[in-house]
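In what follows, residues are counted from 1 in the order of the sequence shown. Just so it is clear, the model here is predicted, and its values are computed rather than measured.
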Amino acid sequence: MARAGLTTERLTRAGADLADEVGFDHVTASELARRFDVKVASLYSHVKNTQDLKTRIALLALEELADQAADAVAGRAGKDALTAFANVYRDYGREHPGRAAATRMRLDPETAAASAGVRHAQMTRAILRGYDLTEPDQTHAVRLLGSVFHGYVSLETAGGFSHSAPDSDETWTRTLDALDALLRNWPAPSTP
């Protein structure tokens, strides 16, 4: 029987908060049960195991991030859309480091296809339409932007940029300027 007050949604949100506190890699059903002062078995009516909990956290984080990104890019195009989109990723990663790490969790194909990750790719491609990229260059650019955004935020939140000048805000602005310039002047494929 399910313990009163425990729901899948409540456990998922508490797990996401836990991820932000201790890091996504350290989230376990056992630790979450301790937070609710219940036995792990009490969680099993709502989540199957730690892997299921982590998947639910990843799906929540993808949804939250997609909603914020959609709001930020609405009505924008070109560099303005790129900057707004990138800033959402950066702000979300700084405010929710565990959730941001969860967005990079490998999901099975069926779960991934039904997740808000699809919205992220669609928004990125919509932004890239302002740069006149066609396939396969559009896919290359989607991967580049994802790598830069996630990589920068991961390094920044780990303190990787705090030991030298210029400050990381200035570097972030210059990085977005460089990405805009690259996307406007996308190189032709090199021949082997």
Side-chain angles (χ1 to χ4, degrees), residues 8-9 12-13 15-16 19-20 23-25 27 51-158 171-190:
T8 303
E9 181 179 351
T12 301
R13 290 197 175 281
D20 289 338
F24 184 64
D25 291 339
V27 171
Q51 183 65 28
D52 181 44
L53 173 63
K54 286 186 164 188
T55 298
R56 290 173 186 280
I57 294 167
L59 294 173
L60 171 69
L62 286 167
E63 188 74 33
E64 289 175 343
L65 189 52
D67 289 346
Q68 290 179 24
D71 288 345
V73 301
R76 298 175 189 255
K79 185 178 180 191
D80 287 341
L82 175 69
T83 300
F85 190 70
N87 285 338
V88 165
Y89 272 79
R90 184 178 185 216
D91 293 345
Y92 189 83
R94 292 159 103 184
E95 186 177 340
H96 301 291
R99 284 171 162 93
T103 66
R104 296 186 298 275
M105 179 181 173
R106 184 183 187 120
L107 301 172
D108 67 73
E110 186 177 307
T111 302
S115 77
V118 174
R119 288 176 53 207
H120 292 268
Q122 290 169 338
M123 281 186 278
T124 307
R125 288 179 184 280
I127 290 166
L128 292 174
R129 280 195 290 276
Y131 291 99
D132 276 337
L133 295 179
T134 58
E135 286 300 345
D137 291 331
Q138 195 176 83
T139 296
H140 298 315
V142 167
R143 292 173 180 168
L144 171 70
L145 294 177
S147 298
V148 171
F149 300 160
H150 286 292
Y152 195 96
V153 171
S154 294
L155 290 168
E156 183 179 43
T157 57
T171 302
W172 179 250
T173 300
R174 296 288 291 147
T175 298
L176 297 179
D177 290 343
L179 286 172
D180 175 63
L182 171 63
L183 293 170
R184 283 186 284 110
N185 300 289
W186 193 261
S190 54

From CA spacing to verdict: side chain to side chain contact (heavy atoms under 4.5 Å, CB included), Arg174, Asp177 = CA-CA 5 Å; Arg174 296 288 291 147; Asp177 290 343; 4.0 Å; yes

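- At distances below 3.5 Å, at least one donor-acceptor pair connects side-chain atoms of Thr103 with backbone N or O atoms of Ala100.
- His120 approaches Phe85 most closely through the heavy-atom pair O-CZ, 4.1 Å.
- The shortest heavy-atom contact between Met123 and Ala66 is CE-O, 3.5 Å.
- Between Thr124 and Gln138 there is no side-chain heavy-atom pair separated by less than 4.5 Å.
- Heavy-atom neighbours of Glu135 CD from other residues, nucleotides or ligands within 6.0 Å: above the threshold of 12.
- One finds the OG1 atom of Thr8 at 10.0 Å from the CG atom of Leu53 (value rounded to the nearest 0.5 Å).
- Trp186 and Asp132 are not linked by any side-chain donor-acceptor pair at a separation below 3.5 angstrom, with hydrogens and angles left out of the test.
- Residue Asp137 comes nearest to Leu133 through the heavy atom pair O-CD1, 4.3 Å, listed as atom of the first residue, atom of the second, then distance.
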Given side chain to side chain contact (heavy atoms under 4.5 Å, CB included), test Tyr152 with Tyr89 step by step and report yes or no.
-> CA-CA 10 Å; Tyr152 195 96; Tyr89 272 79; over 6 Å; no

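- The minimum heavy-atom distance between Val118 and Ala113, with the atom names listed, is CG2-O, 3.4 Å.
- If you take CG on Leu183 and CG on Leu144, they are separated by 7.0 Å, rounding to the nearest 0.5 Å.
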Mind running side chain to side chain contact (heavy atoms under 4.5 Å, CB included) on Arg56 and Leu60 for me, showing each step along the way?
-> CA-CA 6 Å; Arg56 290 173 186 280; Leu60 171 69; over 6 Å; no

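- For Asp20 (side chain) and Arg99 (main-chain N/O), a donor-acceptor pair under 3.5 Å exists by modelled atom type.
- Expressed to the nearest 0.5 Å, how far CG of Leu128 lies from NE2 of His140 amounts to 12.5 Å.
- Counting all heavy atoms, side chain and backbone alike, Phe24 lies closest to Gly98 at CB-O, 3.5 Å.
- To the nearest 0.5 angstrom, Leu145 atom CG is 10.5 Å from His150 atom NE2.
- Residues Phe149 and Arg90 fail the side-chain proximity criterion, which asks for heavy atoms closer than 4.5 Å.
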Take Leu59 and Thr12 through the test side chain to side chain contact (heavy atoms under 4.5 Å, CB included) and record every step on the way to the result.
-> CA-CA 10 Å; Leu59 294 173; Thr12 301; over 6 Å; no

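- With hydrogens and angles disregarded, no donor-acceptor distance shorter than 3.5 Å links the side chain of Asp180 to the backbone of Leu176.
- Rounded to the nearest 0.5 angstrom, Thr83 OG1 and Leu179 CG are separated by 9.0 Å.
- Taken to the nearest 0.5 Å, the NE2 atom of His96 stands 6.5 Å off from the CD atom of Gln68.
- The 12-atom threshold is exceeded at CZ of Arg104, counting heavy atoms of other residues, nucleotides or ligands nearer than 6.0 Å.
- No more than 12 heavy atoms of other residues, nucleotides or ligands lie within 6.0 Å of CZ in Arg143, so this atom counts as exposed by the packing criterion.
- Of all the heavy atoms in Ser115 and Leu62, the pair that sits closest is OG-CD1, 4.0 Å.
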